[in-house]
Amino acid sequence: MEFFSLGKQLHSCVIRSRLASDVFVGCTLVDMYAKSAAVENSRKIFNTMLRHNVMSWTALISGYVQSRQEQEAIKLFCNMLHGHVAPNSFTFSSVLKACASLPDFGIGKQLHGQTIKLGLSTINCVGNSLINMYARSGTMECARKAFNILFEKNLISYNTAVDANAKALDSDESFNHEVEHTGVGASSYTYACLLSGAACIGTIVKGEQIHALIVKSGFGTNLCINNALISMYSKCGNKEAALQVFNDMGYRNVITWTSIISGFAKHGFATKALELFYEMLEIGVKPNEVTYIAVLSACSHVGLIDEAWKHFNSMHYNHSISPRMEHYACMVDLLGRSGLLLEAIEFINSMPFDADALVWRTFLGSCRVHGNTKLGEHAAKKILEREPHDPATYILLSNLYASEGRWDDVAALRKSMKQKKLIKETGYSWIEVDNQVHKFHVGDTSHPQARKIYDELDELALKIKNLGYIPNTDFVLHDVEDEQKEQYLFQHSEKIAVAYALISTPKPKPIRVFKNLRVCGDCHTAIKYISIVTGREIVVRDANRFHHIKDGKCSCNDYW
DNA sequence: CTAGGGTTAG
């Protein structure tokens, strides 16, 4: 980037020397501007070129991919085919990367077919893009196939595969590559991918092992890796270790600060998070939009409304960062959770752009918590206008109806879901026992110790009822008898995971359960009682935050 | 004769 002005000077020289129409010079200029995040300049050069070859097209396409204009990149690719210039492996690599960032992978699949026909799919750069694209779309079998057929696997292939498997919660696959890495070695990317994988899964044992490997292989002072370490320790529930890494760092950037702030925010330590934020401002590190998401979510987790307003206003006035959809969603969350539903909807209406599904979904969640069906229906309608096939909305709306006993409406919704062939995102919970990840879904009986787990659940149910636990059947969808509803409740994945942890781990050890969605209200209550009858500390990481549950109390103060 | 690409941290 520091040579960008030099590049522009050279560009002027080129024009004076009448070399601008030269194909090679043109390609180089297009590439230079593309790499300097000035893709519009690339386009201008491209348009003045008399002839185009595969390189000029590829340079421009990759420029658009790098500036996150995927649609434009794909459009150009089509134009290129139209102009009878044949794409090569570099072109496919770029355009496949664009496809990986799109919500729909149809085009990517077609392109995959093309590369097979041209015999390019076994080449490193094409194959690596394919692995990444399939991994992002969650079709792991395809990603694995793309990896396996590679003619020669390089370090990037391994890193991509490691990252893909880790994000798919497949710890064995992902961590095997690390031991395997057949002579290609490991780079800072490898370790960062492994750490982010350990963080996704929440496996602190693996995380610590990787940490040791990092120190041993001399990457201990790498900025990216240290930032990933902070994030890993935070997401595995060990905020002290995260702070240790943070304190030991000689150089910190805005991502370092954002990582540690967001870590404390997720654990519900808003005061500490805000303290760190003020310290960051004091020493002159400029916050960015992600920092503010962490700060606002810290406020939202503990209900600090005035504090949140202060930061929401100052991000624009003091740091000229325009609030994005996520920032608005944080504020809606905060207002909604505090029961200020009307203020929240007023706030949504005052937004400078049209609220998206995320904002309305946040609001719908608040309506659910506060039992406001009327506003909830309004919100659901807004979401379905924007995302007509969103199963989560149907579920939330259906929960809302269920809590009011409107079973006819529940049935109608379920029928409509069936007609649209919508499948809801399945909730699941997992825990790590003896270096092994055990994953459970609702009513799961596939575990070898299922019988013992359900016996434990029955026993727990009896014990906590004696203490005053009353099942909250609002969280059950179906219109069934009360006794049956309770049974459904006791088959929720987070309860199964807790029960398995109780029978398979020794007593003073805290239990760490992870869930892909938000923890259910009844499970939250039940686990608080379970912490009393068993004397165990239970930590639940859900999609949104951490719950440290001990002696019948949760760190979230029942506010999440 | 040059050039174009794929994987990390919030």
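Here the structure is a predicted model, which is why all the values come from computation and not from measurement. Chain letters run A, B, ... following the sequence lines, proteins first, then strands; residues in each count from 1. Computed from heavy atoms alone, side chains included, the values below leave out hydrogens, waters and symmetry copies.
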| said: Rounded to whole Å, how long is the line connecting atom CD of A/E326 with atom P of B/dG10? | reply: 14 Å
| request: Please check if the distance between the ring centroids of A/F347 and A/W309 is under 6.0 Å. | output: yes
| Near-ring test A/Y292/A/F312, centroid separation under 6.0 angstrom | no
| query | Of the non-hydrogen atoms in A/L96 and A/M133, which two are nearest, and what is the gap between them? | reply | CD2-SD, 4.1 Å
| message | Closer than 4.0 angstrom, basic N to acidic O: yes or no for A/K206 and A/E208? | response | no
| remark: Taken to the nearest whole Å, CG/A/L229 to P/B/dT8 is 17 Å
Check: residues 232-247 of chain A side-chain donor-acceptor pairs under 3.5 Å, at least two apart:
unit_1, atom_1, unit_2, atom_2, d
A/Y233, OH, A/H211, ND1, 2.8
A/S234, OG, A/I230, O, 3.0
A/N238, OD1, A/E240, N, 3.4
A/N238, OD1, A/A241, N, 3.1
A/Q244, NE2, A/D248, OD2, 3.3
A/N247, ND2, A/L243, O, 3.3

| message | Can you pull out the residues from residues 237-269 of chain A that lie within a 4.0 Å heavy-atom distance of DNA chain B? | response | A/N253, A/I255, A/T258, A/S259, A/S262
| task | Let me know the distance between CD1 of A/I214 and P of B/dT8, rounded to the nearest Å. | result | 16 Å
| Is A/R324 atom CZ crowded by more than 12 heavy atoms from other residues, nucleotides or ligands, each under 6.0 Å away? | yes
| query | How many Å lie between CG on A/L130 and P on B/dT7, as a whole number? | reply | 12 Å
| Cation over ring face, A/K439 and A/Y428, 6.0 Å, 45° | yes
| query | On the ring face of A/F147, is A/K153 found with NZ or CZ under 6.0 Å from the centre and within 45° of the axis? | reply | yes
| request: Considering only NZ, NE, NH1 and NH2 on the basic side and carboxylate oxygens on the acidic side, decide whether A/E72 and A/R43 come within less than 4.0 Å. | output: yes
| message | Between A/H548 and A/C554, is there a side-chain heavy-atom distance shorter than 4.5 Å? | response | no
| task | Determine, for nucleotides 1-6 of chain B in 5'-to-3' order, which nucleotides have protein heavy atoms under 4.0 Å from the base (write B), from only the sugar-phosphate (write S), or from neither (write -). | result | -BBBBB
| message | Give me each pair satisfying ring-ring contact (aromatic ring centres under 6.0 Å, His included) with a member in residues 113-134 of chain A, each pair once, sequence neighbours excluded. | response | A/H112-A/Y134
| query | Which ones in residues 68-77 of chain A lie close to DNA chain B, meaning a heavy atom under 4.0 Å from one of its atoms? | reply | none
| Salt bridge check: are A/K35 and A/D31 linked by an N-O gap of less than 4.0 Å? | yes
| Listed in order of residue number, which residues of residues 282-291 of chain A have a non-hydrogen atom at under 4.0 Å from DNA chain B? | A/N288, A/V290
| task | May I ask you to decide whether A/R361 forms a salt bridge with A/D390, counting only side-chain N to carboxylate O separations under 4.0 Å? | result | yes
